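In what follows, every chain begins at residue 1, and chains take the letters A, B, ... in the order their sequences are listed. Note that the coordinates shown come from a computational prediction; the quantities given were computed from them, not determined experimentally.
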Number of protein chains: 2
Amino acid sequence: MASHAHTSEASCIESFRASVAPALGDRTVADQLCSIGEYFALSPDEQFPASIDKDHLVYLASGAAKLVSLEHPPLDAQTRGHILGFHFADDIVSILRKPGGGSSLTALTHIELVAFSAEEFLDIAQADPALLRSVLIKSLDSLQRTRTRMIRIGHQTARQRIAGFLVNMAERICGCMSGPCEIALPMGRSDIGDSLGLTIETVSRQFTELRKSGLISTPGRGIVGLSDIDALKCEAGL
Amino acid sequence: MASHAHTSEASCIESFRASVAPALGDRTVADQLCSIGEYFALSPDEQFPASIDKDHLVYLASGAAKLVSLEHPPLDAQTRGHILGFHFADDIVSILRKPGGGSSLTALTHIELVAFSAEEFLDIAQADPALLRSVLIKSLDSLQRTRTRMIRIGHQTARQRIAGFLVNMAERICGCMSGPCEIALPMGRSDIGDSLGLTIETVSRQFTELRKSGLISTPGRGIVGLSDIDALKCEAGL
DNA sequence: CGATCAATTGACTTAGCTCAAAGCATGTGG
DNA sequence: CCACATGCTTTGAGCTAAGTCAATTGATCG
């Protein structure tokens with residue numbers, strides 16, 4: 001788990017190498033991949049990629065980011081893209097442009113990433129079927145998670161979605177699966193709402209409801225204390 | 001496009017072979033795949049697989065089916081799984097079991113399919129990186145489509161979702177991208193509603209609204225006439 | 001210490017859900 | 001062939017969760 005902040009390009013690439021290593025039968029493939037990977041460090045609100053010319057696979061080395069859908073580009077300046085999901089250190093994110101609107105990664109905290117052109121990545125990975133397979137498995141997982149999230153958004157109440165969101169964040173941010181836990185949310189109410197298909201106000205109201213129910217506490221800006229993850233899971237209908 | 005009904009196992013397997021052929025550099029890999037593929041013919045409401053023991057990749061040779069989420073199995077007999085999406089002839093469907101609830105394919109019409117154990121499929125596919133890559137691309141496409149659908153469900157009105165659904169079906173069922181078009185929907189209002197996160201009643205009301213607006217007509221059971229696909233696209237906010 | 005921006009709270013509106021009652025097909029048995 | 005039962009679809013009449021609009025509070029920062 002390379003979840004701490006890195007200080008240099010070399011250190012990021014090293015942690016990428018460690019992350020894919022289990023799947024790699026061949027050392028030279030790893031070297032080739034590392035040689036085409038481009039390092040980026042972004043400050044909050046900065047976006048990758050600036051121009052959406054092709055598909056990318058991105059290894060997020062540190063920090064937190066949101067994946068944002070870019071509607072058919074110049075719909076109007078008003079329409080901000082919607083949030084597809086959040087990503088954290090050690091995630092591999094697929095940034096696709098595809099038909100009628102792709103996506104881009106926007107930094108929530110200071111982040112470091114290693115970016116690959118999807119095409120180049122796959123050209124090299126083809127030499128190592130085990131790696132290709134592992135990327136495929138990861139993307140099937142991602143598909144499964146997105147399907148689940150879709151159902152939730154379609155069939156759950158605001159309260160269930162918020163509870164589910166918190167359970168999810170606890171697991172992804174600090175690895176907590178049960179018991180009490182305190183997490184620092186890197187995103188604002190607005191991003192939370194958008195990702196769940198709710199408004200800022202509703203998110204806020206649900207937070208206060210949960211606080212009144214004693215399930216959470218909000219000791220400070222962006223900090224949430226979960227008194228009991230299992231109770232929240234239950235609240236989320238899991 | 002192998003969208004007509006097949007009459008035999010051999011004919012289905014042949015059409016699977018034709019479907020993956022473009023990605024295959026190696027003929028023997030195709031033969032191996034065909035040899036492990038299991039043929040099934042299902043009547044409406046029958047399910048695949050009966051027991052959810054492992055992940056499957058399924059080639060749908062003919063007919064229409066719905067992909068249904070199986071919640072943490074025995075939640076209660078009341079809770080019917082929600083609909084993840086619809087599939088038609090020539091689709092490749094990934095049926096995952098994963099953590100806390102997988103999915104299964106339920107026939108809407110009479111269907112024929114060729115099923116592979118995901119593991120066995122990938123073991124063989126590893127010998128042919130081009131095939132593996134093509135499966136990966138397909139699953140990334142699927143991910144992209146699911147992401148888009150998730151946003152829609154989260155941020156669109158009932159009317160927009162129904163309009164979008166009809167546009168989608170026109171494209172997938174009869175390949176129509178614009179102009180007028182008549183489609184035979186293989187699923188009932190209940191399935192439509194569930195897949196969009198709406199109730200039967202709301203779906204029905206939206207259909208009559210669209211009918212009043214002159215955008216569609218419903219000449220008979222399960223038949224919908226779209227007077228102008230582009231107008232519907234606009235209605236759907238595309 | 002104001003200025004700014006995010007979060008909260010309140011009052012009101014509304015889209016879509018729930019409950020309930022008809023319609024309308026399709027199929028079955030007499 | 002008709003009578004009737006069954007299962008979809010449509011339509012109607014409230015109800016409620018969540019959205020909208022608007023004002024207040026609270027943090028963060030130059």
Side-chain angles (χ1 to χ4, degrees), chain A residues 43-45 66 78 80 82-83 106 108-109 151-166 183-213 216-225 235-237, chain B residues 43-45 66 78 80 82-83 108-109 151-166 184-213 216-225 235-237:
Chain A
S43 306
D45 283 337
K66 57 183 174 183
Q78 191 70 333
R80 305 247 331 269
H82 292 149
I83 291 183
T106 303
L108 287 167
T109 65
I151 289 188
R152 298 250 164 89
I153 289 183
H155 298 278
Q156 294 197 302
T157 66
R159 177 147 191 181
Q160 291 177 308
R161 292 184 227 180
I162 296 290
F165 169 81
L166 290 173
I183 51 186
L185 295 178
M187 74 292 284
R189 298 286 185 268
S190 153
D191 285 338
I192 296 175
D194 193 271
S195 80
L196 298 172
L198 300 170
T199 58
I200 320 180
E201 294 95 326
T202 301
V203 173
S204 183
R205 277 187 254 270
Q206 294 306 324
F207 267 90
T208 63
E209 287 289 312
L210 289 171
R211 206 180 310 120
K212 281 177 188 165
S213 307
I216 66 170
S217 58
T218 50
R221 185 139 211 91
I223 314 282
V224 187
E235 201 68 42
Chain B
S43 307
D45 283 338
K66 56 183 175 185
Q78 192 70 334
R80 307 247 332 268
H82 292 151
I83 291 184
L108 288 168
T109 65
I151 289 189
R152 298 250 164 89
I153 290 182
H155 299 279
Q156 295 197 300
T157 67
R159 176 147 192 180
Q160 291 176 308
R161 293 185 227 179
I162 296 289
F165 169 81
L166 290 173
L185 295 178
M187 73 292 283
R189 299 284 185 271
S190 154
D191 285 338
I192 297 174
D194 192 271
S195 80
L196 298 173
L198 300 170
T199 59
I200 319 180
E201 295 93 327
T202 302
V203 173
S204 184
R205 276 186 254 271
Q206 293 307 323
F207 267 89
T208 62
E209 287 288 312
L210 289 172
R211 205 180 311 121
K212 281 176 189 165
S213 307
I216 66 170
S217 58
T218 52
R221 189 137 207 91
I223 315 282
V224 188
E235 201 67 41

Applying side-chain contact (heavy atoms from CB on, under 4.5 Å) to Thr106(A) and not counting sequence neighbours gives Gln47(A), Lys66(A), Val68(A), Ser104(A)
Whole-Å distance, Ile153(A) CD1 to dA18(D) P, equals 13 Å
Residue pairs passing the salt bridge (Lys or Arg N to Asp or Glu O under 4.0 Å) test with at least one member in residues 201-212 of chain A, sequence neighbours excluded, are none
CG of Asp191(A) to CD1 of Ile83(A), rounded to nearest 0.5 Å, is 3.5 Å
From CD of Glu201(A) across to C1' of dT25(D) the rounded distance in Å is 15 Å
Residues at least two apart in sequence or cross-chain that pass side-chain hydrogen bond (donor to acceptor under 3.5 Å, both in side chains) with Arg159(B), listed by chain then number, are Ser213(B), Glu235(B)
Expected list for residues 204-212 of chain A near DNA chain C, using heavy atoms below 4.0 Å, is Ser204(A), Arg205(A), Thr208(A), Arg211(A)
To the nearest angstrom, the CD1-P distance between Ile162(A) and dG19(D) comes to 10 Å
Can you check nucleotides 27-30 of chain D for protein contacts, nitrogen or oxygen pairs under 3.5 Å, and list what you find?
none

Are side-chain heavy atoms of Leu185(A) and Ile192(A) found at a separation under 4.5 Å?
-> yes
Sorted by chain and number, sequence neighbours left out, side-chain hydrogen bond (donor to acceptor under 3.5 Å, both in side chains) with Thr199(B) holds for Thr202(B)
Residues passing the side-chain contact (heavy atoms from CB on, under 4.5 Å) test with Ile151(A), sequence neighbours excluded, are His155(A), Ser69(B), His82(B), Leu84(B)
Numerically ordered, the residues 191-200 of chain A set in heavy-atom contact under 4.0 Å with DNA chain D is Gly197(A), Leu198(A), Thr199(A)
Separation between CE (Met187(A)) and CG (Asp194(A)), nearest 0.5 Å, reads 12.0 Å
Contact span of DNA chain C against chain A, any nucleotide atom under 4.0 Å from a heavy atom, 5' to 3', runs dA6(C) to dA11(C)
Side chains of Val203(A) and Leu196(A): does their closest heavy-atom pair fall under 4.5 Å? no
Taking five pairs at each terminus, the helix from dC1(C)-dG30(D) to dG30(C)-dC1(D) shows an axis bend, to 10°, of 30°
Quiz prompt | Heavy-atom donor-acceptor pair, Arg152(B) side chain to Arg161(B) backbone, under 3.5 Å | solution = no
